[in-house]
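To start, the structure under review is shown below, and the notes come after it.
Residue numbers start at 1 and run along the sequence shown. Everything quoted here is computed from the prediction, not taken from an experiment.
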Amino acid sequence: MSFLDEEYLLGSEPARQLYDEIRDLPVLDPHSHLDVQAVARNEGWDDIWEVEGATDHYVWQLMRKRGVPERKITGSASNREKWMALAEVFPQFAGNPTYEWVHLDLKRRFGIEKRISGDTAAEIWTETKAALDSPEMRQQSLLAEMNVEVVSSTDDPVSDLEHHQQLADDLEEITVRPTWRPDTAMQIDEAGWSEYIETLGRATDTDTSDLDGFLTALAVSHEYFEQHGCRASDHGLREVVTKPVSDRRAADIYQRAYASETITSDDVTDFQAYVLERIGELNRDTGWVTQFHIGPVRDYRDSLHDELGSDAGGDVSTQDIELTENLKYFLNRFDAELEIVLYTIDPTHYPTVATISRAFPNVSVGAAWWFNDSPIGMRRQLEYVSTVDLLANHGGMVSDSRKLLSFGSRFEMFRRSLADTAGSMVEQGQIPHDVAEDLVHNVAHDRPAALWQF
């Protein structure tokens with residue numbers, strides 16, 4: 001087997017046959033960080049660094065790990081300097097999925113077979129720069145070329161969704177859906193929360209000076225997103241705590257936070273639990289999926305946060321969160337009433353979420369997320385979910401990407417890993433080949449299409 005050849009990740013003949021069944025299926029992406037404005041404007045890129053490095057935290061982290069100075073990552077160096085610095089250390093990324101993703105991007109989107117290194121950096125820079133001048137390398141054309149049928153962005157409740165509406169008017173073959181992510185509205189312990197609540201009030205023409213107004217504003221935003229094609233909410237919390245909290249208790253916490261008074265960690269937990277339940281009710285009434293992204297510890301590296309702020313590549317995972325008791329109230333409150341998808345950043349939590357999913361038919365295990373979206377991470381998760389829960393009920397692949405070209409490479413990696421996992425079962429006599437065909441087709445396309453209402 002040669003590097004990224006047709007047998008890439010496919011360790012058996014059944015795996016190769018199964019991949020042929022799903023390789024050309026449309027891409028249905030229920031969670032991404034797509035720059036909707038850039039897509040609406042049908043922007044392109046000036047150079048390969050803009051394509052592969054400018055927004056990719058994975059690339060930044062690995063460059064730092066290999067000693068590249070920050071000036072050549074997020075700093076003042078030119079894009080060419082940054083690309084040359086990346087290429088110089090890129091061979092040392094071998095074994096990390098970033099090494100495969102970026103090479104797949106070059107091979108599939110640019111037709112470039114060269115391996116990235118200091119020796120090839122200048123040639124690749126020149127070849128890709130010429131290719132990027134082509135209309136075929138504009139964002140809307142690339143989405144079509146990658147066979148993206150539906151992609152969901154991640155959007156704050158205050159968004160006016162102007163660019164989603166433009167894309168709905170302009171695109172016929174591709175649907176770009178918003179996803180409602182109210183995390184900021186729930187972070188009453190964060191600096192700037194009161195100002196954000198005022199912004200939410202203006203966006204929804206609602207007085208948010210008390211809890212009732214706040215809940216009304218969320219409901220108005222929720223309905224607005226529904227009218228613009230949204231079918232899911234997304235909640236990214238280190239630890240999701242659910243429990244019954246009275247209206248009076250929630251109103252008291254809200255008023256103290258709104259007045260910038262001191263609030264305790266118990267206040268924060270109770271308020272978030274209260275709001276999550278209200279959001280669950282909204283989602284139930286509209287038939288939306290509720291996504292919980294659980295476990296990231298944000299901005300763990302202090303010096304990086306001090307220099308660059310949030311979302312700079314300083315996040316880590318932790319085992320130290322509780323799932324079973326914390327989720328119990330919400331799951332039972334909406335048993336059989338609400339589709340719920342659970343993502344965990346730490347793979348040691350898979351046994352818990354898989355058994356929860358097995359116990360609740362309306363709960364699904366989401367894609368191997370963040371640090372786990374590699375061939376080994378995806379295969380281990382698929383094998384475990386198949387053994388404990390039902391692989392047929394897997395939530396499907398998500399790109400979770402800020403980098404448009406990676407949609408194709410990430411979905412290809414997932415589908416090859418899925419085919420290899422099922423192919424191993426066929427080769428070992430665990431399942432018949434025709435059943436495996438139905439299974440991989442279901443996980444790659446049919447199940448996500450139904451779950452996410454694509």
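- Summarising the geometry of Thr74 relative to Lys82, their closest heavy-atom pair is C-NZ, 4.0 Å, with the distance given to 0.1 Å.
- Rounding to the nearest 0.5 angstrom, the gap separating the OG1 atom in Thr421 from the CG atom in Leu18 is 10.5 Å.
- Proximity of a side-chain donor or acceptor of Thr286 to a complementary backbone N or O of Leu282 within less than 3.5 Å is detected.
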Can you check side chain to side chain donor-acceptor pair (under 3.5 Å) on Glu100 and Tyr8, steps first, answer last? CA-CA 10 Å; Glu100 295 158 55; Tyr8 166 58; 2.5 Å; yes
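- Between the side chain of Lys129 and the backbone N or O of Ile48, no donor-acceptor pair lies under 3.5 Å.
- Checked by atom type and distance alone, the side chain of Thr204 never pairs as donor or acceptor with a backbone atom of Val220 at under 3.5 Å.
- Using a 4.5 Å cut-off on side-chain heavy atoms (C-beta onward), Glu52 and Val59 make no contact.
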Tyr58 vs Trp101, ring pair (Phe, Tyr, Trp, His ring centres under 6.0 Å): CA-CA, chis, key distance, verdict: CA-CA 11 Å; Tyr58 291 30; Trp101 286 325; 5.6 Å; yes
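- Between Gln187 and Tyr196, every side-chain heavy-atom pair lies at or beyond the 4.5 Å cut-off.
- With 3.5 Å as the limit, one finds no donor-acceptor pair spanning the side chains of Thr179 and Asp234.
- Aromatic pair Trp369/His31: centroids not less than 6.0 angstrom apart.
- Taking CZ of Phe93 as the start and CG of Leu62 as the end, the distance is 4.5 Å to the nearest 0.5 Å.
- Taking every heavy atom of both residues into account, Ser159 and Phe225 meet most closely at O-CE1, 4.0 Å.
- Judged by distance alone, with hydrogens and angles left aside, the side-chain atoms of Ser153 form a donor-acceptor pair with the main-chain N or O of Arg177 at under 3.5 Å.
- With no hydrogens or angles considered, a side-chain donor-acceptor pair links Asp346 and Thr348 at under 3.5 Å.
- Of the possible donor and acceptor atoms, one in the side chain of Tyr224 sits under 3.5 Å from a partner among the backbone N and O of Asp160.
- To the nearest 0.5 Å, atom OG of residue Ser386 and atom NE2 of residue His394 are 10.5 Å apart.
- With ring centers used as reference points, Phe292 lies 6.0 Å or more from Tyr343.
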Does the side chain to side chain donor-acceptor pair (under 3.5 Å) test come out yes or no for Ser406 and Ser401, once each step is laid out? CA-CA 7 Å; Ser406 70; Ser401 183; 2.5 Å; yes
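- One finds a salt bridge joining Arg231 and Glu226 here, because a Lys/Arg side-chain nitrogen approaches an Asp/Glu carboxylate oxygen to under 4.0 Å.
- Between Val158 and Leu200, the closest heavy-atom pair is CG1-CA, 3.7 Å.
- At distances below 3.5 Å, at least one donor-acceptor pair connects side-chain atoms of Ser374 with backbone N or O atoms of Gly377.
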Glu281/Arg278 under salt bridge (charged side-chain N to carboxylate O under 4.0 Å, His left out): CA gap, chis, key distance, verdict: CA-CA 5 Å; Glu281 292 167 350; Arg278 303 289 80 77; 3.0 Å; yes
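- Summarising the geometry, atom CD belonging to Glu6 is positioned 5.0 Å from atom CZ belonging to Arg23; distances are rounded to the nearest 0.5 Å.
- Inter-residue side-chain proximity for Tyr19 and Val440 is flagged as unmet; no heavy-atom pair is nearer than 4.5 Å.
- The aromatic rings of His222 and Trp180 sit perpendicular to each other, their planes meeting at more than 60°, with 30° as the lower class boundary.
- Judged by distance alone, the side chain of Ser2 and the main-chain N or O of Asp5 form no donor-acceptor pair under 3.5 Å.
- Using a 4.5 Å cut-off on side-chain heavy atoms (C-beta onward), Lys403 and His33 make no contact.
- Between Asn79 and Trp45, the closest side-chain pair of non-hydrogen atoms is not below 4.5 Å.
- Taking the charged nitrogens against the carboxylate oxygens, Glu383 and Arg380 have no contact shorter than 4.0 Å, which rules out a salt bridge.
- Looking only at side-chain heavy atoms (C-beta outward), Gln291 and Ser233 stay at 4.5 Å or farther from each other.
- For Asp299 against Ser310, the heavy-atom pair with the smallest separation is OD2-OG, 3.1 Å.
- Across all non-hydrogen atoms, the minimal contact from Thr352 to Thr355 is O-OG1, 2.9 Å.
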Criterion salt bridge (charged side-chain N to carboxylate O under 4.0 Å, His left out) on Asp420 and Arg379, from CA distance to verdict: CA-CA 8 Å; Asp420 191 54; Arg379 176 162 183 148; 2.3 Å; yes
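- In this structure, Asp320 places its CG atom where only 12 or fewer heavy-atom neighbours from other residues, nucleotides or ligands lie under 6.0 Å away.
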Show your reasoning for whether salt bridge (charged side-chain N to carboxylate O under 4.0 Å, His left out) applies to Asp29 and Arg410. CA-CA 11 Å; Asp29 188 355; Arg410 292 193 180 194; over 6 Å; no
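- Judged by distance alone, with hydrogens and angles left aside, the side-chain atoms of Glu239 form a donor-acceptor pair with the main-chain N or O of Glu322 at under 3.5 Å.
- Using a 4.5 Å heavy-atom threshold, the side chains of Ile340 and Leu331 count as touching.
- Under the 3.5 Å distance criterion, the side-chain polar atoms of Asn362 are matched with a main-chain donor or acceptor of Phe334.
- Defined by atom type and a distance below 3.5 Å, a donor-acceptor pair is missing between the side-chain atoms of His57 and Asp311.
- In this structure, the side chains of Arg138 and Gln140 stay at 4.5 Å or more apart for every pair of heavy atoms.
- Within 6.0 Å of the CD atom in Gln227, the count of heavy atoms belonging to other residues, nucleotides or ligands exceeds 12.
- Between atom CZ of residue Phe90 and atom CH2 of residue Trp83 there is a gap of 7.0 Å, rounded to the nearest 0.5 Å.
- In this structure, the ring of Phe407 has its center no less than 6.0 angstrom from the ring center of Phe411.
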Show, in sequence, the C-alpha distance, side-chain angles and deciding distance for Leu237 and Ile294, and conclude whether the side-chain contact (heavy atoms from CB on, under 4.5 Å) test is met. CA-CA 6 Å; Leu237 299 170; Ile294 304 170; over 6 Å; no
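- Looking at Arg109 and Glu145, a side-chain N of the basic residue comes within less than 4.0 Å of a carboxylate O on the acidic one, giving a salt bridge.
- One distance of note links CG of Leu161 with NE2 of His228; it measures 5.5 Å at 0.5 Å rounding.
- Side-chain polar atoms of Asn393 and Ser364 form no donor-acceptor pair below 3.5 angstrom.
- For the residue pair Ser317 and Ile345, the shortest heavy atom distance occurs at CB-CG2, 3.6 Å.
- Counting non-hydrogen atoms of neighbouring residues, nucleotides and ligands closer than 6.0 angstrom, the CD atom of Glu223 reaches no more than 12 such neighbours.
- Ring to ring, Tyr300 and His305 are not that close: their centroids are 6.0 angstrom or more apart.
- Using a distance-only test at 3.5 Å, with no hydrogens or angles considered, a donor-acceptor pair links the side chain of Ser221 to the main chain of Pro157.
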Tell me, with the steps shown, if Thr98 and Asn96 meet side chain to side chain donor-acceptor pair (under 3.5 Å). CA-CA 5 Å; Thr98 302; Asn96 186 284; 2.9 Å; yes
Would you please test Asp105 and Arg108 for salt bridge (charged side-chain N to carboxylate O under 4.0 Å, His left out) and show each step? CA-CA 5 Å; Asp105 291 347; Arg108 302 290 186 244; over 6 Å; no
